[in-house]
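Heavy-atom basis, side chains included; hydrogens, waters and symmetry copies ignored.
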Amino acid sequence: MSPNDLARYLAVLHAAGITNADFTRLHHFSTKGRSVYLLDAISYFESKRSLRGNNLALADRCKYVADQMQMGRHDKVNLLNEALARWPLNHAEVPVVARAVRPAKPRGKATKISARLASKQLGDAGEELAVQLLRQHGYTASLLTRNFPTYDIEVSAADTNFRVSVKVARAQQHLRLGSRSSVDRLSKGNFIFAFLANLSKEVSLVPGGYRLLILPAAEVRDYALSVHDSYWAARGTADGYSVMIKAHDLNHIDVWRRWSATYEDAWQLLPPPRNPTVD
């Protein structure tokens, strides 16, 4: 496993609600009485070229917990115990069911800055959360290969397959859809999952920390390209810019309001799932 793979699994754990205290239980630093910040670890492993020593076992523990949570398990204590039993820490005396780990003191601005996921990791965490939510709603869902054009997730429903493009906006109420050619590939029967911040806050990919718009891909394509092409045609300039829809833009206010009212948590728009869930 590469350090980037581990950073990706850590982003999944963060999106699934694993706390710093939970992560510290999995980390070998706990044997020295030290606490570990999950978001600091993501930044750390993004900068590394290889995994060595205790970090190899840490990677296995984190992958195990992330995989199990993506399959729908939410019993964190049991998952942590199972991971530690499979890949024990390097100190036999450390209890598995933990006493509360004393959190480390924040270190001013550096800690505050590192507590924000980088844009790429925020996007990765959004994709992982979308997969998790689809599976919870009875669909078979898996990530497409990195750099797959336009779409991020392949989904199997009861009688058909469809694809999902995932967008995450950190704070602004907008959709950054990518290049014109990418938007042009949005097609009927597929969807966009847009994770947006609650008003006046930054997005947080935990329950209650975001709004989810489930948008028909073809509708977004037709609207976005009509506005985008009209804008650039009037200026006689070749468009080389990302296609965007902004809530505060006078050209988009009405459609944004309609989409927000119609498509928030619009799971009913998706084809029937393979394994319907019962509320």
Any non-hydrogen side-chain atom of [X] less than 4.5 Å from a side-chain atom of [Y]?
| X | Y | result |
| --- | --- | --- |
| L133 | F195 | yes |
| L79 | M69 | yes |
| S156 | R274 | yes |
| F162 | P271 | yes |
| V131 | S142 | no |
| H14 | L205 | no |
| E128 | L143 | yes |
| L89 | S30 | yes |

Whether [X] side chain and [Y] backbone form a donor-acceptor pair below 3.5 Å:
| X | Y | answer |
| --- | --- | --- |
| T24 | V36 | yes |
| R185 | P149 | no |
| N54 | H28 | no |
| H248 | K246 | no |
| R61 | A83 | no |
| D22 | T19 | yes |
| N190 | A217 | no |

Determine whether [X] and [Y] fall in the same hydrophobic cluster, where Ile, Leu, Val, Met, Phe, Trp and Tyr are linked whenever their side-chain heavy atoms lie under 4.5 Å apart.
| X | Y | result |
| --- | --- | --- |
| L134 | V12 | no |
| L10 | L51 | yes |
| L56 | I42 | yes |
| Y37 | V206 | no |
| Y9 | V65 | yes |

Exercise. Which is it for N55 and K48 under the side chain to side chain contact (heavy atoms under 4.5 Å, CB included) test, yes or no, and what are the steps along the way?
Worked result: CA-CA 11 Å; N55 284 332; K48 295 300 177 183; over 6 Å; no
Nearest heavy atoms of [X] and [Y], plus distance in Å:
| X | Y | value |
| --- | --- | --- |
| P273 | A158 | O-CB, 3.4 Å |
| Y151 | S187 | OH-N, 3.0 Å |
| I214 | F193 | CG2-CE1, 3.7 Å |
| K76 | G17 | NZ-O, 3.5 Å |
| S242 | H228 | O-CE1, 4.4 Å |
| L175 | A194 | CD2-CB, 3.3 Å |

Establish, yes or no, whether a centroid distance under 6.0 Å links the rings of [X] and [Y].
| X | Y | result |
| --- | --- | --- |
| Y223 | W259 | yes |
| Y139 | H137 | no |
| W256 | Y263 | no |

Exercise. For R176, does the CZ atom have more than 12 heavy-atom neighbours from other residues, nucleotides or ligands under 6.0 Å away?
Worked result: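 No, not enclosed.
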Exercise. Going through the checks in order, is the side chain to side chain contact (heavy atoms under 4.5 Å, CB included) test met by F45 and N4?
Worked result: CA-CA 6 Å; F45 286 112; N4 279 335; over 6 Å; no
Exercise. In this structure, which one of I192, V220, I153 forms a side-chain contact (heavy atoms from CB on, under 4.5 Å) with S165?
Worked result: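 Answer to the side-chain contact (heavy atoms from CB on, under 4.5 Å) test with S165 among I192, V220, I153: I192.
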NZ/NE/NH1/NH2 to OD/OE distance under 4.0 Å, [X] and [Y]:
| X | Y | value |
| --- | --- | --- |
| R211 | D265 | no |
| E127 | R146 | no |
| D60 | R86 | no |

Exercise. Is there a side chain to side chain contact (heavy atoms under 4.5 Å, CB included) between F191 and R163 once you walk through the steps?
Worked result: CA-CA 6 Å; F191 298 88; R163 287 174 177 165; over 6 Å; no
Measuring from atom [atom1] of [X] to atom [atom2] of [Y], what distance do you get when rounded to the nearest 0.5 angstrom?
| X | Y | atom1 | atom2 | result |
| --- | --- | --- | --- | --- |
| N275 | R135 | CG | CZ | 12.5 Å |
| L177 | M244 | CG | CE | 8.5 Å |
| Q136 | M71 | CD | CE | 13.0 Å |
| S260 | L215 | OG | CG | 8.5 Å |
| L129 | Q70 | CG | CD | 10.0 Å |
| L26 | L80 | CG | CG | 5.0 Å |

Problem set entry | Worked check of side chain to side chain contact (heavy atoms under 4.5 Å, CB included) between V168 and V203 | CA-CA 8 Å; V168 184; V203 72; 4.1 Å; yes
For this session: Can you label the angle between the F29 ring and the H27 ring as parallel, tilted or perpendicular, going by 30° and 60°?
Result: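 The rings of F29 and H27 sit tilted, inter-plane angle from 30° to 60°.
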Exercise. Quick one: do the S2 and D5 side chains pair a donor with an acceptor below 3.5 Å?
Worked result: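 Distance-only check passes for S2 and D5.
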Problem set entry | Residue pairs fulfilling salt bridge (Lys or Arg N to Asp or Glu O under 4.0 Å) with at least one residue in residues 215-227, sequence neighbours excluded |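 Of all non-adjacent pairs touching residues 215-227, those that pass salt bridge (Lys or Arg N to Asp or Glu O under 4.0 Å) are E219-R258.
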